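Every value quoted in this text rests on a predicted model; they were computed, and no experiment measured them. Along the sequence shown, residues carry numbers from 1.
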Amino acid sequence: MRLLTQAKGILKQTFKIELAASSYFHGISTALAMVLPLALGIAFHHPIDGSMASVAALLSGMITFQGAYRSRLIAVLVCGITMVGFGYLGSISGSNTALFALAISLTAGASALSSSLGPLVGITMQQTLLLMAVASALPTDAKQAAVRSAYILAGVLAQGAVVVLSWLRKPGQAELDKAGSLFLILARYCRTVAKSNDVSPPLFPDYHSVLDDPNPFASTKTSQQIRSYFDSAEHIRVQLVGLAQLFAHINSEELQRPNVEMIFSWLAELLEHSAESIRWSGSNRSVRINVQLGLDAHQAYETLLAAIDPAARTVLPDLLSDLELLGKEHPSSVTSEGTSGIDGGHGSIWRRAYVQIAAAFNVLIANLNLRSDYGRHALRTAATVAFAVALARMTGLSRGYWVVITVSVVLKPDYTTTFRRTFERLTGTILGVGIALLLLVELQMSQTSLVIVLLLLGSAAYSLFPANYTIFVSLLSALVVVLLDIAGISAHATAITRLIDTGIGGAIAVAAYRIWPTWGENEVFGRISALLLAQRAYVSSLLNAVTDPAEADKSELSQLLIDARAARIAAEASLDRIANEPKRPAIPLRQRDQILRSTRAVAGSCLEIHSILNSIHSEKGQQNDRRYGTDAYTATREWISGELWSLAQSFAEGGLDWEIATLGQTERPTSDRYQARKFLGLGPESTATDSLPISNDDRRKALRSGLDLAVSTITSCILTLDSVVEDGS
């Protein structure tokens with residue numbers, strides 16, 4: 001039953017098409033860069049070398065989907081240098097089985113290990129490996145290999161030129177699209193809250209790579225404006241979660257549910273309008289007009305809000321204030337860190353490059369052992385590729401390099417991706433072979449016509465690559481068969497052999513993973529530990545800022561929020577990975593769900609406290625020199641910090657067989673929210689709470705109530721996580 005469910009998931013993912021992710025301009029421009037070196041080779045009567053240059057341009061074109069701007073160009077150029085070297089090595093060693101097997105297995109291991117540095121580096125190295133495999137199919141002497149390397153370099157440089165030219169196309173539009181997508185995520189969150197009682201905080205995709213690597217042709221003003229949109233999205237996210245948390249305990253009441261739905265539906269419409277204004281018009285005025293209309297409409301809801309909850313009247317004005325500031329420059333938008341990518345001097349660039357290279361080297365060294373998933377994956381990949389080369393050469397497969405290519409592409413560090421990629425690649429290859437045979441055997445097209453067909457296939461393949469991998473593979477398979485036919489290799493033989501070799505390569509990859517798997521339990525405990533430590537730092541700083549608002553550092557809190565979010569994404573990905581593996585999961589289903597719910601609730605409560613803290617700071621003319629709960633919240637902060645640290649250390653030890661330090665109480669409080677509040681001395685009956693630096697008494701009580709609720713939720717979640725640990729011990 002478990003395998004059947006996983007098979008259904010793989011089938012669903014295989015044929016799922018996300019057309020919104022496709023980029024036709026990118027596809028056409030990248031395909032042009034691929035076809036130009038081929039046309040050059042044909043013109044100078046070097047069709048084989050021209051074909052190799054097209055293969056290099058084809059592979060390096062895959063890198064243009066990664067990174068932002070200058071990082072993408074650097075990756076393409078680095079890929080060009082490595083392709084020249086390894087393409088040359090593949091060309092001169094292709095006729096010597098032992099030498100080629102040694103060279104490509106070492107390259108495969110290095111490529112697998114480099115994936116620990118992130119997708120951009122991993123994909124760059126993988127493209128080099130694939131070109132080396134293709135070059136081995138056309139062995140030649142050292143002189144001709146040098147000529148071929150020159151063509152390869154020309155093909156990669158063509159893709160580099162396309163990358164640079166793409167910067168000139170509407171500078172800043174890609175960033176505006178990404179900023180708009182964040183507001184659409186917030187709008188969907190509002191609609192979810194309106195329809196249900198689920199207030200789990202929304203997750204943003206990574207956008208900091210765009211901010212840290214701005215478009216070189218975008219003006220400083222444009223870059224600052226874009227940064228302000230991202231800052232606004234983070235601020236509004238914090239306020240929305242705070243509002244949702246306040247409404248959560250009354251959303252289940254039949255009389256109040258329509259009121260909650262009305263408010264969040266209106267907020268969703270406002271955010272959707274703002275997203276459209278950011279993405280398409282880029283006009284600050286149009287964004288603020290939409291917000292102003294919403295502010296006017298909100299006046300009609302004053303009585304509604306009064307009937308719902310007093311604390312909502314505190315958070316909602318702050319949320320609307322953030323919306324009203326949408327498009328305006330935040331003070332934190334222009335910092336030395338933010339502008340260094342635009343106007344940094346050569347010294348700072350080289351210094352940053354040195355730091356990044358040193359950090360990358362340390363990561364590689366840290367993973368160069370069998371305790372690391374990446375280290376085991378590198379060794380497994382190297383051994384499997386060497387076996388694939390030996391099998392292909394010993395059995396006399398005419399196009400054995402496809403076996404090596406398939407193994408290199410589909411063998412991944414995790415179980416689910418390996419099996420899904422194998423199925424997708426085999427399915428796409430079958431479709432692509434059929435397309436290629438139709439074009440080359442049935443239609444009998446001329447060489448000029450085939451170049452045009454290559455351009456069309458390449459444009460479609462690159463355009464649809466982000467939308468569906470199976471369709472991309474089918475178009476790519478047809479493209480490669482046509483390309484090799486131009487180089488003088490029989491299309492019919494190539495197509496059939498490609499299909500057989502892909503099946504053999506996929507079978508070898510799956511067998512290799514089954515023989516020596518790398519299960520998700522090797523990383524899941526470390527990532528949960530990292531998440532708890534990140535949340536510990538965030539909540540400790542938040543409570544410290546609440547007890548002493550004058551000392552709060554907004555930029556530091558924002559960075560801690562981002563760190564906690566990144567850690568939660570990584571931890572949830574690991575928990576999802578072990579859920580899809582066939583072996584008995586390291587963390588049982590019930591405990592995994594408890595961890596997910598608890599850490600999400602902690603994240604939501606942190607955002608609620610952050611929202612309340614913003615409300616404290618938003619009081620103009622107030623002196624933030626009074627402390628909120630010098631006794632209760634200081635003690636609570638220390639307890640939360642100690643418990644999260646203990647939990648993190650227990651998970652870091654690598655399993656559920658541990659003994660955790662308890663509270664030292666004879667009778668432990670349960671995970672019930674009220675009892676947790678009572679245990680910590682919080683709640684309406686508490687007398688330890690000092691006054692907030694806010695003049696309005698109702699506002700002070702509302703903030704105190706919301707803060708007590710958020711802190712008690714965090715303590716309840718810690719107690720739940722503690723029970724998870726006890727279940728495993």
### Task
Look at K178 together with E175 and state whether they make a salt bridge at an N to O cut-off of under 4.0 Å.
no
### Counterpart residues, salt bridge (charged side-chain N to carboxylate O under 4.0 Å, His left out), relative to E523 (two or more places apart)
R527, R577
### Message
The criterion is ring-ring contact (aromatic ring centres under 6.0 Å, His included); which residues satisfy it with F65, sequence neighbours excluded?
### Response
H26, F465
### Message
With rounding to the nearest 0.5 angstrom, report the CE to CG distance, M83 to L131.
### Response
5.0 Å
### Message
Listing request: all salt bridge (Lys or Arg N to Asp or Glu O under 4.0 Å) pairs with a residue in residues 374-388, at least two apart in sequence or in separate chains.
### Response
D373-R376
### Message
I'd like to know if the side chain of T427 reaches the main chain of E424, judged simply by a donor and an acceptor atom lying under 3.5 Å from each other, with no hydrogens or angles considered.
### Response
no
### Message
Between S71 (side chain only) and A68 (backbone N and O only), is there a donor and an acceptor less than 3.5 Å apart?
### Response
yes
### Message
Can a donor-acceptor pair be found, under 3.5 Å and without considering hydrogens, that links the side chain of S111 to the backbone of A108?
### Response
no
### Query
Judged by atom type as modelled, is there a donor-acceptor pair below 3.5 Å linking the side chain of T30 to the main-chain atoms of G27?
no
### Task
Without swapping roles, check the side chain of T418 against the backbone of K412 for a donor-acceptor pair under 3.5 Å.
yes
### Query
Which residues pass the side-chain contact (heavy atoms from CB on, under 4.5 Å) test with S449, sequence neighbours left out?
M445, S446
### Query
With R148, which residues qualify under salt bridge (charged side-chain N to carboxylate O under 4.0 Å, His left out), at least two apart?
D49
#### Entry: Partners passing ring-ring contact (aromatic ring centres under 6.0 Å, His included) against F230 (at least two apart in sequence or in another chain)
Y207
#### Entry: Check: S54 side chain, V35 main-chain N or O, donor-acceptor pair, under 3.5 Å
no
### Query
Would you find a donor on one side and an acceptor on the other, under 3.5 Å apart, between the side chain of Q159 and the backbone of A57?
yes
